[in-house]
Amino acid sequence: MAHAVLGALVAVGWLMLPLARGEGGGNGEGVENGATVTVARSEGVTAPAADSSDAVGATTGDLVPPLVAAGAAGALAAYTYGRRRRRATTRTTPGGNGHRLTPLPELDLQARQLLVEIDDCVRASAEELGFAAAREPADAVTPHREALAYAEAELRAAFRLGRRLDDAGTAPDGDDRREALEEIVSRCRDAGRRLDAAAPGFDQLRALERDTSAAVEGAETRFRELAARTPATEAALAGLHERYAPTASLPVTGDVEQAKDRLVFATLRLNQARQCADRGEGTEAAASLRAAEAAVAQAGVLLDGVDRLTAELATTAARLPVALASTEAALGAVHGRRPTALGTEPFPVGGDARSARAEVLLAGVRREMTSGPYDPPDALRRVVEAGALLSEAGEAEVPGLRDHALLSARGALTSATGFVGTHRGAVGSTARTRLAEAERLLGPGSSTLAETRRADALAQEARRLAERDVRAYGTPSGGDAGAGTGGAVLGGILLGDGEGPVSYGGPRTRGRRSTSPG
């Protein structure tokens, strides 16, 4: 409101300026016979009096900018007033009289719940949009892709605000914290409304109720591909256990079993979809089909995770000797001599604490590589840390250090993303917020070594927090809905009460399909 008042004062002053000029003669201006007379000071020449019509036009022209400024000030005041009214509405408790602010703990809980809910909506919408894009023309999918992009942008902004609040803890306890929480709520609701508005048109585009058979055939084809891959992926996982330290394969331990569970669930739902379609029960067929599609997609993510980690470990193990040798060489240069036998002899301890810490890290990695099975990503992270310490001390630059860090960070991000996506029925807002920040730091554009390492740490933390949430959530019961239903609830395929399945749309529309096929 202060901006509006200031604008109005400036506008009034501008309006008064021509009058002030007209009353003063010391500036060479006056009035003669109703016309404005301007005295030119240069070379002592007096200009003739302006025609009265010209003077009026000039005076009117002088008034236009102040009037525009006054209008702008009024518009700003109206906008500010409307914004304050909307904020006041947000701050009231549900069902209240509009005068009591929502308590901060309640507002914080509301913001966290919305972050989780909208993130689930975005993930499910992106998944189903992919199915639609595989069968429909690009221009037909474009409006729904744009709605999803809008929701994703709002969600990213909300997550970033949430991350700032997490970093600050509970310190901003006044208006700053309240405004940030209100903006999170507002952005999440905007994202949800956009997806809700697009949901009816998306249903018409996919037309699962009218044309179930083609979609069922596509899901069954993908199902058979994954079922055929499962034994080979299981064997690859066993190979990881033999070749590397237990911590190396820990991120995918149990993933093959979960993939099998999702495929069992998909089998039942695909059979139900066909039976319902044969009976002409289009709505029930569409619901079972949608649940089967999501289960097959998650089974693919779980199996792909094992294959991806297998390739990542091999790549990291191949790169590690080069990274270690170059970092040891940099440390040797700091101490005034080159390492012998790639660092098999201990370096003399330097006076700088960073150099000493780097030396300990590198010695530990070298020892693990020569003594037996080890964890390549963990070892590479310690090599990168040692190189960063030398760089921070201004003593040496290790070539390729950021590329090494990027390899570990991308692996951690992919692992955390897959885990959250396949366990989203249990994962809370804190893990998702850290994951979103890691994605931002590794997004388009060149990130620094510090940002890359920060993203790596955030992705690992997101994975740990998500695993903690899943342990606290426990194993959901399948109830009477059939085998694999508990895993489908854990994966966010079905809503928490076993209903659903979750479809393209926002909070009001994502569970619109019935899941009680006859």
Side-chain angles (χ1 to χ4, degrees), residues 78-96 98 101-102 106-133 140-163 165 178-206 208 290 294 421 424-425 427-429 432-433 436 439-440 492-497 499-514:
Y79 169 77
T80 304
Y81 175 73
R83 184 177 179 184
R84 289 174 66 89
R85 286 289 301 270
R86 288 193 298 273
R87 181 174 295 173
T89 301
T90 305
R91 290 183 176 185
T92 58
T93 55
L101 294 180
T102 302
E106 182 180 334
L107 188 60
D108 182 82
L109 178 61
Q110 184 183 43
R112 292 179 182 276
Q113 290 174 338
L114 280 170
L115 283 172
V116 170
E117 185 176 48
I118 300 304
D119 190 42
D120 283 349
C121 291
V122 165
R123 289 174 184 273
S125 297
E127 180 180 85
E128 198 171 3
L129 185 64
F131 298 139
V141 179
T142 296
H144 310 291
R145 196 184 301 279
E146 290 174 349
L148 178 60
Y150 176 87
E152 288 173 335
E154 290 295 287
L155 182 62
R156 283 194 299 270
F159 269 131
R160 192 158 189 199
L161 285 167
R163 178 61 186 163
L165 290 179
R178 179 176 294 279
E179 289 182 6
L181 290 171
E182 287 173 351
E183 186 171 351
I184 291 173
V185 170
S186 175
R187 287 185 178 275
C188 286
R189 286 178 173 168
D190 284 347
R193 281 192 291 266
R194 183 67 180 270
L195 290 174
D196 281 329
F202 187 83
D203 287 346
Q204 294 180 5
L205 177 69
R206 287 213 72 191
L208 290 181
R290 171 64 196 126
R424 59 180 180 258
V427 178
S429 64
R432 298 174 193 240
T433 300
E439 290 174 344
R440 186 188 70 82
I493 296 169
L494 303 179
L495 295 176
D497 55 4
E499 295 297 323
V502 178
S503 304
Y504 181 106
R508 291 191 301 102
T509 57
R510 64 172 181 156
R512 60 191 178 275
R513 300 184 189 277
S514 170

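Screening Glu128, Arg510, Glu127 against Ser503 for a side chain to side chain contact (heavy atoms under 4.5 Å, CB included) leaves a single residue, Glu128. Each of Leu495, Ile493, Leu494 was checked for a side chain to side chain contact (heavy atoms under 4.5 Å, CB included) with Val502, and the lone residue meeting it is Leu495.
Side chains of Glu179 and Glu183 form no contact here, defined as non-hydrogen atoms less than 4.5 Å apart. The shortest side-chain heavy-atom distance between Arg189 and Leu114 falls under the 4.5 Å cut-off. Ile118 places none of its side-chain heavy atoms less than 4.5 Å from the side chain of Glu154. With contacts defined as side-chain heavy-atom distances shorter than 4.5 Å, the pair Leu155/Leu115 qualifies.
Put simply, CZ on Arg163 and CZ on Arg440 are 10.0 Å apart, with the number rounded to the nearest 0.5 Å. A distance of 12.0 Å separates CG of Asp108 from OG1 of Thr102, quoted to the nearest 0.5 Å. To the nearest 0.5 Å, atoms CZ (Arg156) and CZ (Arg187) are separated by 11.0 Å.
Applying the side-chain contact (heavy atoms from CB on, under 4.5 Å) test to Ala140 and every residue at least two apart in sequence or in another chain returns Pro137, Leu205. Shown here are the side chain to side chain donor-acceptor pair (under 3.5 Å) partners of Ser429, two or more places apart in sequence or in another chain: Arg112.
Contact record, Pro507 with Gly192: CD-CA, 3.6 Å, taken as the closest heavy-atom pair. Closest approach of Ile184 and Ala158 over heavy atoms only: CG1-O, 3.7 Å. Of all heavy-atom pairs spanning Leu148 and Ala126, the tightest one is CD2-CA, 3.6 Å. The two atoms that bring Asp196 and Gly505 nearest to each other are OD1-C, 4.2 Å, heavy atoms only. Pairing each heavy atom of Val116 with each of Val427, the nearest pair is CG1-O, 4.0 Å. Summarising the geometry of Gly506 relative to Cys121, their closest heavy-atom pair is C-SG, 3.6 Å, with the distance given to 0.1 Å.
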Next on the checklist: Leu107 vs Val185, test: side-chain contact (heavy atoms from CB on, under 4.5 Å). Steps then yes/no.
Outcome noted: CA-CA 9 Å; Leu107 188 60; Val185 170; 4.3 Å; yes

Next on the checklist: The test is side-chain contact (heavy atoms from CB on, under 4.5 Å); show your working for Asp203 and Thr509 and say whether it passes.
Outcome noted: CA-CA 11 Å; Asp203 287 346; Thr509 57; over 6 Å; no

Item to check | Residues Asp120, Arg123; criterion salt bridge (charged side-chain N to carboxylate O under 4.0 Å, His left out); working and verdict | outcome: CA-CA 5 Å; Asp120 283 349; Arg123 289 174 184 273; 5.2 Å; no

Item to check | Intermediate values then yes/no, side-chain contact (heavy atoms from CB on, under 4.5 Å), Arg424 and Asp119 | outcome: CA-CA 9 Å; Arg424 59 180 180 258; Asp119 190 42; over 6 Å; no

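For Arg194, the CZ atom sits in a packed shell: over 12 heavy atoms of surrounding residues, nucleotides or ligands are nearer than 6.0 Å.
Between Tyr504 and His144, the angle of the ring planes goes over 60°, which puts this pair in the perpendicular group of the 30/60° scheme.
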